[in-house]
Amino acid sequence: MKLSLRGVGKTYSGRRGETNALCPLDMDIREGEFISLVGPSGCGKSTLLHIVAGLEPPTAGTVDLDGERVRGPGAELGLMFQQQTLFPWLSVRENVRFPLTLAHRRARGTRGSAGDADRQAAQVEGLLRLVGLWDFRDSYPAELSGGMQQRAALARALVGQPEVLLMDEPFGALDAQTREEMQELLLHLIQRHRITTLFVTHDVDEALLLSDRVVVFSERPGRVLASLDVTFARAARSSELKLDEAFLHQKREILALLRGRPRTATQRDRLFLGLTNTRTEGGS
Ligand code: ADP
């Protein structure tokens, strides 16, 4: 397994007491698999993503990447969030190059050689061309549209050639058309690089369009209601898929779960797909 989560749960402690954000859960994610996490707001999806990223410690359980315990953020993981996270004082090109510069300084304690710099420049150029921003390489984030900013953020998430991509509603703030363009770009990129991806969204269409598997969470404290294999081939996916009967069937199934009308097959799916809640019921 690329990623293995065992008994991962989270309770936040603060001045106002404890918030049980996520019930302990187990999850196995295969190499190259694209999984979407959907569920009501506040059910712990972002918390789970931050735990996998090593940005937030779990209060229970463990996360292993290729059999090694995740204890903090690492270069194997590419991150992308909904909010604008580009550095406003760096150009698009400098923003995309930033993780490489950082990784090199960490690894060598130096600025790196001229050969390294050339390789980095070529890598950054390749990605900027791929996401259609080469002509804007010297622009600053404030000079770009929201969609272009997210394309730059996507290039930055991919530049370190991560093995796992963690995305938290990355297209949530975009208008419908730009969002579709970004979804198609992301599909193209992940098919090309076969990156294992965990993707948080509350858009069921988006989850079905992009994923191999959709994991549906209950209201807070989040627990897994179902894990559904997406049945149609990814190669055939485009915005037209949304009219497909099989697509609509799976969409209705997920919406029913989100509205609190679980199917009878849920328990069986959990067992078959290796995805269970360690605790099936969780109080707040
Ligand atoms: P989602 O991504 O599904 O909307 P989150 O993971 O952001 O949900 O949050 C889950 C719950 O944990 C929410 O009730 C939220 O208020 C709470 N929470 C998130 N982060 C913190 C924090 N740093 N401190 C305290 N509570 C938090």
Side-chain angles (χ1 to χ4, degrees), residues 3 5-27 29 34-63 70-73 77-85 150 153-154 157 164-174 179 182-183 186 196-208 210-211 213-228 251 254-262 266 270 275-284:
L3 271 172
L5 281 60
R6 288 289 167 270
V8 171
K10 180 78 181 179
T11 302
Y12 289 103
S13 304
R15 264 177 286 162
R16 288 202 213 140
E18 297 202 326
T19 306
N20 188 4
L22 191 64
C23 291
L25 62 83
D26 296 344
M27 199 184 287
I29 302 160
F34 191 117
I35 295 195
S36 283
L37 310 177
V38 301
S41 187
C43 74
K45 305 182 294 297
S46 302
T47 297
L48 183 59
L49 213 69
H50 289 156
I51 291 172
V52 175
L55 295 171
E56 184 78 61
T59 39
T62 54
V63 178
V70 172
R71 299 189 195 278
L77 302 165
L79 308 176
M80 190 173 165
F81 300 104
Q82 175 176 350
Q83 67 277 21
Q84 224 270 71
T85 51
Q150 285 309 71
L154 181 58
V164 177
L165 198 52
L166 302 170
M167 308 180 90
D168 194 353
E169 303 229 27
F171 312 141
L174 302 177
R179 193 175 180 134
M182 288 300 295
Q183 289 165 350
L186 181 63
T196 309
T197 307
L198 258 184
F199 187 95
V200 167
T201 180
H202 56 243
D203 181 334
V204 177
D205 284 4
E206 181 169 75
L208 284 170
L210 295 174
S211 313
R213 188 145 59 102
V214 179
V215 176
V216 186
F217 281 83
S218 71
E219 285 183 359
R220 188 178 69 79
R223 60 192 174 82
V224 175
L225 292 176
S227 168
L228 305 167
K251 179 175 173 176
I254 294 171
L255 288 174
L257 283 162
L258 291 172
R259 288 179 194 132
R261 282 182 258 126
T266 300
R270 284 195 211 149
L275 199 155
T276 53
N277 267 104
T278 310
R279 271 191 244 140
T280 48
E281 290 302 325
S284 184

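Everything numeric in this text was worked out from a predicted model, so none of it was measured. Just so you know, ligand 1 is whichever comes first in the structure, and atom 1 is the first atom listed for that ligand.
No side-chain heavy atom of His50 sits under 4.5 Å from any side-chain heavy atom of Lys10. No side-chain heavy atom of Thr201 sits under 4.5 Å from any side-chain heavy atom of Phe171. Side-chain contact between Arg259 and Leu257 is absent, with no heavy atoms from C-beta onward closer than 4.5 Å.
Across every non-hydrogen atom of Gly7 and Asp26, the tightest pair is N-OD1, 2.7 Å. The two residues Val164 and Leu3 come nearest to each other via the heavy atoms CG1-CD1, 4.0 Å.
Within 4.0 Å of ligand 1, the residues that place a heavy atom are Tyr12, Thr19, Ala21, Pro40, Ser41, Gly42, Cys43, Gly44, Lys45, Ser46, Thr47, Arg220, listed by chain and number.
Val70 meets the side-chain contact (heavy atoms from CB on, under 4.5 Å) test with Val63, Leu65; sequence neighbours excluded.
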